[in-house]
Amino acid sequence: MTTKRISTGWRGFSIAKEASYGIPAGISTAFNFEGPITDVQPNEVQTNENETTGLNEPSIQEILNWKLDGMHQQRAMPHNLAFFLTLVMGKVTTDQPDDVNDPTVYRHFIERDLANIDLPSVTLLEYDGIANKCFAGLFGKSVKISGARGDFVKLEAQFGGKGNEEANADPKPTVVGESYLRYGDVNFNRGGSLSGTVAGGDILVNGLPISFKADLLSFDWTMDNQAKTFYEMGDSSGYVTRVERGDRFQQNLLAVLEMQDESHKTGLVNGTEYVLHIPVTGAVIAGGSGSFNYSCDIIFPKVVYKEAKKDRDGEVVTVNAEFQVLEDTTYGSVIVKVINEQTGYLI
């Protein structure tokens, strides 16, 4: 018997959203990935063990329905960040900041979609080294973005699906040629104020925010839409028929910093509200004016300290900061701005 290897495997997604849930869309981009292979599993399984059958143990088993729970792990780049954040948050506004001098540069503002409860869905195509399978009805559940000194920025996305798989013979699509984002690309700013609008493309952090990039050891942000799947009455397929976000989005924002003074504890005690801005700025986008970089800016319009606990890293005094992400009446709870050369997401 010969062992099978995934070294020749690949994973592709549709950038376009499915016109109807579970109806496959064309695959247009590939992402390298780490972690588990995508696979469907039984969701609800029942036997006749609670019935009196004249037998000591169950004699039949039925699979009522199926599920897909998957994960995508990869070093972060603007393209995969924009793709998975849009799947989870649901709303993206795309424009061109300078279509005359930089006609290939696109800017994507990603926000929570509070107007629609239905989550957008895309299609996944995956070759695991053995078989090429199509998974339709793929939806985002959560995204975790993290970074640490001396390492790359990391992406971890949880996704679900319709629960069915089909054989497919389509070839691997193109992997977008963006560089991975590194620790040296990360800044961490607290304070200032916001101006502008997403519609106007002029969101800006004003004032004199304090940069903690020299103190920052690591950061970790998770966005979860609390996705809910439905198996509707009258549908005998055994697959998910629709998916909705939960009642509320949930966020966790953590940072570990070298402690220089008491400002973190003072902010906690006073309940001070801050703008928190994490710009991650990569390489210059070539071929134009040189004014734009591949980048991902995570903007929290209003946060407070939830915890600012002293710790130690060897002999270095540190602070484990946990932030409560709050809803701002004008800007919401989070806006992510991605700049790259992709024309759009969920189009």
Side-chain angles (χ1 to χ4, degrees), residues 10-31 33 37-41 43 65-72 79-94 106 108-128 131-143 155 157-176 223-232 234-246 249 338 342-347:
W10 50 268
R11 178 178 285 176
F13 296 88
S14 66
I15 294 297
K17 65 180 179 181
E18 295 175 341
S20 298
Y21 182 72
I23 304 301
I27 305 300
S28 54
T29 191
F31 291 126
F33 69 99
I37 301 169
T38 305
D39 199 8
V40 299
Q41 297 292 327
N43 180 52
N65 46 50
W66 296 80
K67 65 180 180 180
L68 187 154
D69 289 318
M71 177 189 296
H72 185 89
H79 183 38
N80 60 20
L81 290 174
F83 179 78
F84 286 105
L85 283 168
T86 302
L87 268 186
V88 170
M89 296 170 67
K91 180 180 179 182
V92 59
T93 303
T94 298
Y106 289 82
H108 315 280
F109 293 98
I110 305 164
E111 303 172 274
R112 299 162 306 146
D113 187 355
L114 301 181
N116 298 296
I117 198 166
D118 292 326
L119 288 175
S121 63
V122 295
T123 303
L124 165 65
L125 196 63
E126 184 168 310
Y127 176 63
D128 59 11
N132 195 344
K133 295 294 180 63
C134 177
F135 302 91
L138 201 81
F139 57 91
K141 298 166 69 175
S142 69
V143 171
L155 163 72
Q158 304 285 340
F159 58 81
K162 190 175 178 68
N164 66 323
E165 61 179 21
E166 297 180 356
N168 190 281
D170 291 345
K172 177 184 178 180
T174 301
V175 176
V176 171
M223 164 63 79
D224 193 323
N225 62 25
Q226 303 294 298
K228 298 180 179 179
T229 54
F230 296 86
Y231 300 87
E232 295 178 333
D235 187 306
S236 60
S237 68
Y239 304 132
V240 174
T241 51
R242 61 186 170 94
V243 59
E244 299 177 353
R245 62 172 173 83
F249 287 87
V338 172
Q342 301 306 302
T343 57
Y345 296 90
L346 299 183
I347 50 179

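Using a 4.5 Å heavy-atom cutoff, the side chains of Trp10 and Leu125 are in contact. Between Leu81 and Ile110 there is no side-chain heavy-atom pair separated by less than 4.5 Å. The side-chain heavy atoms of Glu126 and Ile37, taken from C-beta on, include a pair separated by under 4.5 Å. Within the 4.5 Å cutoff, the side chain of Thr38 has no heavy atoms near those of the Asp128 side chain. In this structure, the side chains of Val176 and Gln342 come closer than 4.5 Å at one or more pairs of heavy atoms. Residues Trp66 and Asn43 fail the side-chain proximity criterion, which asks for heavy atoms closer than 4.5 Å.
Applying the side chain to side chain donor-acceptor pair (under 3.5 Å) test to pairs two or more places apart or on separate chains, those with a residue in residues 79-89 are Thr29-His79, Gln74-Asn80, His79-Tyr345.
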Next on the checklist: Run Thr123 and Ile27 through side-chain contact (heavy atoms from CB on, under 4.5 Å) and show every step you take.
Outcome noted: CA-CA 7 Å; Thr123 303; Ile27 305 300; 4.0 Å; yes

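Scanning all heavy atoms of the two residues, the minimum distance from Gly26 to Ser14 falls at O-CB, 3.1 Å. Residue Ala136 comes nearest to Gly22 through the heavy atom pair CB-O, 3.4 Å, listed as atom of the first residue, atom of the second, then distance. Between Glu232 and Arg242 the shortest heavy-atom distance is OE2-NE, 2.5 Å. What you find for Val122 and Glu18 is that their closest heavy atoms are O-OE2, 3.0 Å. The shortest non-hydrogen separation linking Gly140 to Ala227 is O-CB, 4.4 Å. Closest non-hydrogen pair, Glu111 versus Thr93, comes out as OE1-OG1, 4.4 Å.
One N or O on the side chain of Arg245 and one on the backbone of Asn116 form a donor-acceptor pair closer than 3.5 Å.
One finds the OG atom of Ser142 at 12.0 Å from the CZ atom of Phe249 (value rounded to the nearest 0.5 Å). Taken to the nearest 0.5 Å, the CG atom of Leu346 stands 13.5 Å off from the NZ atom of Lys91. Taken from CZ in Phe230 to OG1 in Thr241, the straight-line distance is 8.5 Å, to the nearest 0.5 Å. Here the straight-line distance linking atom NE2 of His108 with atom CG of Leu85 works out to 12.0 Å at 0.5 Å rounding. Rounding to the nearest 0.5 Å gives a distance of 9.0 Å between CZ of Phe135 and CZ of Arg11. Between the CD atom in Gln158 and the NE2 atom in His72 there is a gap of 12.0 Å [rounded to 0.5 Å].
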Residues 160-175 side chain polar contacts: donor-acceptor under 3.5 Å, at least two apart:
from: Lys162; atom 1: NZ; to: Val240; atom 2: O; distance (Å): 3.1
from: Glu165; atom 1: OE2; to: Lys133; atom 2: NZ; distance (Å): 3.1
from: Asn168; atom 1: OD1; to: Asp170; atom 2: N; distance (Å): 2.6

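Below 30°, between 30° and 60°, or above 60°: for Phe159 and Phe13 the angle between ring planes is above 60°, a perpendicular geometry.
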